[in-house]
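Scroll down for the structure; my scribbles are underneath it.
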Amino acid sequence: MTQDNHVIDLQATKDAIGKIKRELHPFVRQLESDDSAKKALAQAVVALSLGTLRYMDARLHGRDEGRAKEDPLRQELDQMRKVIVQLEKKRKAYEEKDQQINRKVSKKDMDTNQVKESKRRRTVKKL
């Protein structure tokens, strides 16, 4: 590799780290959230990102040629990915349930309004 290629690679790495920082910022703010679901997702995302950065650091410093499946860092990263997927599934299920409840409440409100309107019409007809 020539000197120019090294500089290009370093610049690409620097750009990637900057992007990670920008993307992580909202999750870091959610770590102080009162919403336990948001906080759990933020913790998992931050943990996965930091673990990935640790993995990148090890590779860049030539400490390993890749990690075996039984490597603790790789297992930790795999577990964090699973946690994020589980949290996303739970969030979607919660949102769907919330939407169903909202639809039922809306329908009930519509039915109540129809009954009130019907009673009002009957009262007007009697007059």
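Just so you know, these numbers come straight off a predicted model, no measurement behind them. One is the number of the first residue; the rest follow in order along the sequence.
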With sequence neighbours excluded, give me every salt bridge (Lys or Arg N to Asp or Glu O under 4.0 Å) pair touching residues 83-94.
Glu88-Arg91, Arg91-Glu95

Among all residues two or more places apart in sequence or in another chain, which pass the salt bridge (charged side-chain N to carboxylate O under 4.0 Å, His left out) test with Glu76?
Arg54

If you look only at pairs with a residue in residues 14-23, which of them pass as a side-chain hydrogen bond (donor to acceptor under 3.5 Å, both in side chains), with sequence neighbours excluded?
Gln11-Asp15

Under 3.5 Å, which donor-acceptor pairs do the side chains of residues 45-53 form with other protein atoms, sequence neighbours left out?
from  : atom 1 : to    : atom 2 : distance (Å)
Ser49 : OG     : Val45 : O      : 2.9
Thr52 : OG1    : Leu48 : O      : 2.8

Using residues 30-40 as the side-chain source, report each donor-acceptor pair under 3.5 Å to any protein atom, sequence neighbours left out, with the distance given to one decimal.
from  : atom 1 : to    : atom 2 : distance (Å)
Ser33 : OG     : Asp35 : N      : 3.0
Asp35 : OD1    : Ala37 : N      : 3.1

Using the rule that two of Ile, Leu, Val, Met, Phe, Trp, Tyr join whenever any of their side-chain heavy atoms come within less than 4.5 Å, decide whether [X] and [Y] are in one cluster.
X     : Y     : result
Ile17 : Ile8  : no
Leu41 : Tyr94 : no
Val83 : Val28 : yes

The residue among Arg81, Met80, Gln75 that forms side-chain contact (heavy atoms from CB on, under 4.5 Å) with Asp78 is Arg81

